[in-house]
Amino acid sequence: MQPLTEIVSRTVVLRERNIDTDQIIPARFLTTTERKGLGKHAFNDWRTRPDGSPDPHFPFNRAENIGARILVAGRNFGCGSSREHAPWALTDLGLRAVISAQIADIFRSNALKNGLLPIVLDETIVDELLAQPGVELRIDVARRSVTLPDGRVAQFPLDAFAQTCLLEGVDQLGYLLKQADAISRYEQQRQSQELRHAS
Amino acid sequence: MTSQPKTLFDKLWDAHVVTPETDAAPAILYIDLHLIHEVTSPQAFAELDARGLPVRRPDRTKGTLDHSTPTLPPTADGRRPYVNDEARTQVDTLRANCARFGVELFDYDSPQRGIVHVMGPELGLTQPGQTIVCGDSHTATHGAFGALAFGIGTSEVGHVLATQCLLQRKPKTLAITVEGELPPGVGAKDLILHVIGVIGVNGGTGHVIEYRGSAIRSLSMEQRMTVCNMSIEAGARAGLIAPDAITFEYLRGRPRVPQGEAFDAAVAQWTTLRTDEGAAFDREVRIDARDIRPTVTWGTHPGQVAAISAQVPGSADADDTKARDYMGWAANDAIAGRAVDVVFVGSCTNSRLSDLREAAAVLRDRRVHPRVRMLVVPGSEQVKRDAEREGIADVVRAAGAEWREPGCSMCIAMNGDIVAPGQLAVSTSNRNFEGRQGKGARTVLASPATAAACAVAGEITDPRPYLTSVLAAETAPHAGTELETA
Ligand code: SF4
């Protein structure tokens, strides 16, 4: 994974609350066996009109939003399924951060493994951001802070381990593989316990 | 020495910690059972290939085919009617991966294949005290056995394949205590929809729920699975119910549980899996079972629920307005009486034998309304066989509904079983998100009895009048003297 230290970008805004994974990437696009290329299906059913043509009003169809790296969304973003296709689709669109007043657990965990930073901010600040799409924000991963357009700095919670992984591009599977001895010890201990119970 | 009282969750967590969490790093949690399916595993196996890694514990890994599998039987030339070539490739990829890595796969030729969360318990792969994960958010279903079971993403599927472990921060605990007796004709699905309505779709975020109380204890295992299944719809990582005599009787004799004396030894062990007196939860919610009515969703997330006898809320809240518009309701519309196009009985929430019995009790000697297309999809080959043996399949077909092969089907609508744009589906599945059952499809979540009653009536309706013979048998002093209703 590439290290992620800072994100400076204008925002794209989806005001809806409870944006679920079926909206982010509808299930009929899950037959893929790849991680790449899902961006073209992101928000498919909101992006297209009933005749299949792109809806010019949908934020991700608008020229000024191409290349934006920060999505601001209503509360409880990413609820629903465990499909990692959701963060894959968002990063494939170029996004590196999602800001919301609440982010669903599995989505948050999946996002962090794909260099997509889930940022939970105070509802009043999120409401301000939802009301003014396209403002420029600066996100500092080391300081866990977002600099707002008027210069105020908002802090966000970020697990220390997740932060290190982002800043240093740590590969979590590599980290786990290094614990092989501890895992073997645990397995042996469990096995001897189970034998004791069975006898 | 007295030790600190522990919750059931604490006991499960502590028993699986390989290395404890610190500020700097999450805990490493050992996984006893890893269930995989075709949709969320291919990229994880690709990761193993890229690094030249084996599956650490193929014996603790079990695969099934369910999500993109057709529910129509193979054609005369033996070909499965996949929705597209990609779906076929996805299934073939899982098959190849299981063969290469030595993982047992419940393939089409297995008499035990089924929806991952139906098959695991049915075989007794699911046992109390285990940690269970699957790349599917409804893994919480297995929590009904007192197992810590939760859904993971594909990167984590790779982690478990390679190391049998996950990096996890310890979640918080939420006790949901449901006391009292459920009114007649009200079941587990109504209960969990009601609970989600009370705590909200994000009410469980960051928490593991333990369902407790007399109403929970009186549920059968299949009903408990329906309850735990939908924990994720309240945002919770997992749902748990302490194992008891009902759990042990369900498991006794299942193919993958210990047999004979070893089973009794296991039961002695499992009996300790309960929350100690005085153990503290981070949060507690109490619900009175007597308040629960036959319940459905009216909106586009599982927290937008109401009793069937109620009205769609008239609130001006932006989300409620958007949901009403999508679903085609006006504010304060009566829920009952709305015309229905499709009825789906199936999914890991409600596709077990007791669910199909419940639907069949309504359909028996009745016809599906001519306007309605009804699909009944058993959760596993085992359920299908049992239901056919009991005559349930005949009742379903005689009523004019379709009897299908096991799979996820219209729950996720990725195998070609879809609801058309604008149609209203009453579904026993777990998600009513916009487009979940097909682009533009409108979903009303309901119990199997409600779904079947709606199919017969051709509109949303309270199931209780259709259950009179069943209810009379339940409450009559001489149960078994069946009162026939026309
Ligand atoms: S039935 Fe639905 S919720 Fe259950 S495993 Fe299949 S797709 Fe997931």
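Naming convention: chains lettered A, B, ... in sequence-line order (proteins, then strands); numbering from 1 in each chain.
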Where does Ser109(A) contact chain B at under 4.5 Å (heavy atoms): side chain, backbone, both or neither? side chain
Looking at Lys113(A) and Glu84(A), does any basic side-chain N land under 4.0 Å from a carboxylate oxygen? no
Is it the backbone or the side chain of Ala15(B) that comes under 4.5 Å from a heavy atom of chain A, or both, or neither? backbone
Residue part contacting chain A, namely of His301(B), when any heavy atom lies under 4.5 Å: side chain
Under 4.5 Å heavy-atom distance to chain A, tell me which part of Thr93(B) shows up: side chain, backbone, both or neither. side chain
For Val17(B), is it the side chain, the backbone, both, or neither that has a heavy atom closer than 4.5 Å to a heavy atom of chain A? backbone
What part of Arg431(B) gets within 4.5 angstrom of chain A, counting heavy atoms only: side chain, backbone, both, or neither? side chain
Contact class of Arg57(B) relative to chain A, heavy atoms under 4.5 angstrom: side chain
Let me know if His67(B) has heavy atoms under 4.5 Å from chain A in its side chain, its backbone, both or neither. neither
If you measure from the Lys or Arg side-chain nitrogens to the Asp or Glu carboxylate oxygens, is any gap between Glu64(A) and Arg62(A) under 4.0 Å? yes
Of the listed Thr300(B), Ile412(B), Thr40(B), the one with the largest count of heavy-atom pairs under 4.5 Å with chain A is Ile412(B)
Bottom line for Tyr186(A): the part with an atom under 4.5 Å from chain B's heavy atoms is side chain
Lys/Arg-Asp/Glu bridge criterion (N-O < 4.0 Å) met for Asp22(A), Arg83(A): yes
Could you look at Asp317(B) and say if it's the side chain, the backbone, both or neither that has a heavy atom under 4.5 Å from chain A? side chain
Please state whether the side chain, the backbone, both or neither of Thr164(A) comes within less than 4.5 Å of a heavy atom of chain B. neither
Among Asn76(A), Asn110(A), Asp20(A), residue most engaged with chain B (heavy-atom pairs, under 4.5 Å): Asp20(A)
Between Thr163(B) and Leu177(A), does the side chain to side chain contact (heavy atoms under 4.5 Å, CB included) criterion hold? Intermediate values first, please. CA-CA 6 Å; Thr163(B) 69; Leu177(A) 286 166; 3.7 Å; yes
Go through Glu47(B), Glu156(B), Arg56(B) and name the one with the most non-hydrogen pairs under 4.5 angstrom from chain A. Arg56(B)
Any chance you could lay out the side chain to side chain contact (heavy atoms under 4.5 Å, CB included) test for Glu128(A) and Arg152(A), step after step, and finish with the verdict? CA-CA 12 Å; Glu128(A) 282 176 33; Arg152(A) 278 177 301 157; 2.6 Å; yes
Ring geometry between Phe60(A) and Phe58(A) (parallel below 30°, tilted from 30 to 60°, perpendicular above 60°): tilted
Could you tell me which of Ile103(A), Asn18(A), Thr21(A) has the largest number of non-hydrogen atom pairs under 4.5 Å with chain B? Asn18(A)
Determine whether a donor-acceptor pair (N or O, by modelled atom type, separation under 3.5 Å) exists between the side chain of Gln164(B) and the backbone of Ile31(B). yes
Of the backbone (N, CA, C, O) and the side chain (C-beta and beyond), which part of Ala262(B) lies under 4.5 Å from a heavy atom of chain A, both, or neither? neither
Crowding at CZ, Arg51(B) (>12 non-hydrogen neighbours, <6.0 Å): yes
Counting only non-hydrogen atoms closer than 4.5 Å, does Glu187(A) touch chain B with its backbone (N, CA, C, O), its side chain (CB onward), both, or neither? side chain
Arg75(A) versus chain B, heavy atoms under 4.5 Å apart: side chain, backbone, both or neither? side chain
Spell out, as yes or no, whether a donor-acceptor pair under 3.5 Å connects the side chain of Thr11(A) to the backbone of Leu71(A). no
Heavy-atom donor-acceptor pair, Arg47(A) side chain to Ala42(A) backbone, under 3.5 Å: yes
Do His37(B) side-chain atoms and Gly135(B) backbone N/O form a donor-acceptor pair below 3.5 Å? yes
Would Arg108(A) and Asp159(A) pass as an ion pair if we require N to O under 4.0 Å? no
With a 4.0 Å cut-off on N to O distance, would you call Arg28(A) and Asp45(A) a salt bridge? yes
Whether Arg95(B) and Asp92(B) form a salt bridge (side-chain N of Lys/Arg under 4.0 Å from carboxylate O of Asp/Glu) is what I want to check. yes
In terms of heavy-atom pairs under 4.5 Å with chain A, which of Leu167(B), Ile232(B), Val201(B), Val39(B) leads? Leu167(B)
Is it the case that atom NZ in Lys172(B) sees more than 12 heavy atoms from other parts of the structure closer than 6.0 Å? no
May I ask you to name which of Gly80(A), Gly174(A), Gly74(A), Ala160(A) has the most heavy-atom pairs under 4.5 Å with chain B? Gly80(A)
Under 4.5 Å from a heavy atom of chain A, the part of Asn84(B) involved: side chain
Heavy-atom pairs under 4.5 Å with chain A are the metric here; pick the option from Arg169(B), Glu233(B), Glu261(B) that has the most. Arg169(B)
Atom group of Asp23(B) that falls short of 4.5 Å from chain A, counting heavy atoms: backbone
Name the region of Leu53(B), side chain, backbone, both or neither, that has any atom closer than 4.5 Å to a heavy atom of chain A. side chain
Partner chain A: residue of Gly440(B), Ala24(B), Pro302(B) with the largest heavy-atom pair count (under 4.5 Å): Ala24(B)
Short question: side chain of Arg138(A), backbone of Val8(A) - any donor-acceptor pair under 3.5 Å? no
Determine yes or no for a side-chain-to-main-chain donor-acceptor pair under 3.5 angstrom, with Ser100(A) supplying the side chain and Ala73(A) the backbone. yes
Measure Phe29(A) against the heavy atoms of chain B and call it side chain, backbone, both or neither at under 4.5 Å. neither
Of Met414(B), Glu38(B), Gln43(B), Gln90(B), the largest count of non-hydrogen pairs under 4.5 angstrom with chain A goes to Gln43(B)
Residue part contacting chain A, namely of Ile152(B), when any heavy atom lies under 4.5 Å: backbone
Is chain A contacted by the side chain of Ala25(B), its backbone, both, or neither, given a heavy-atom distance below 4.5 Å? both
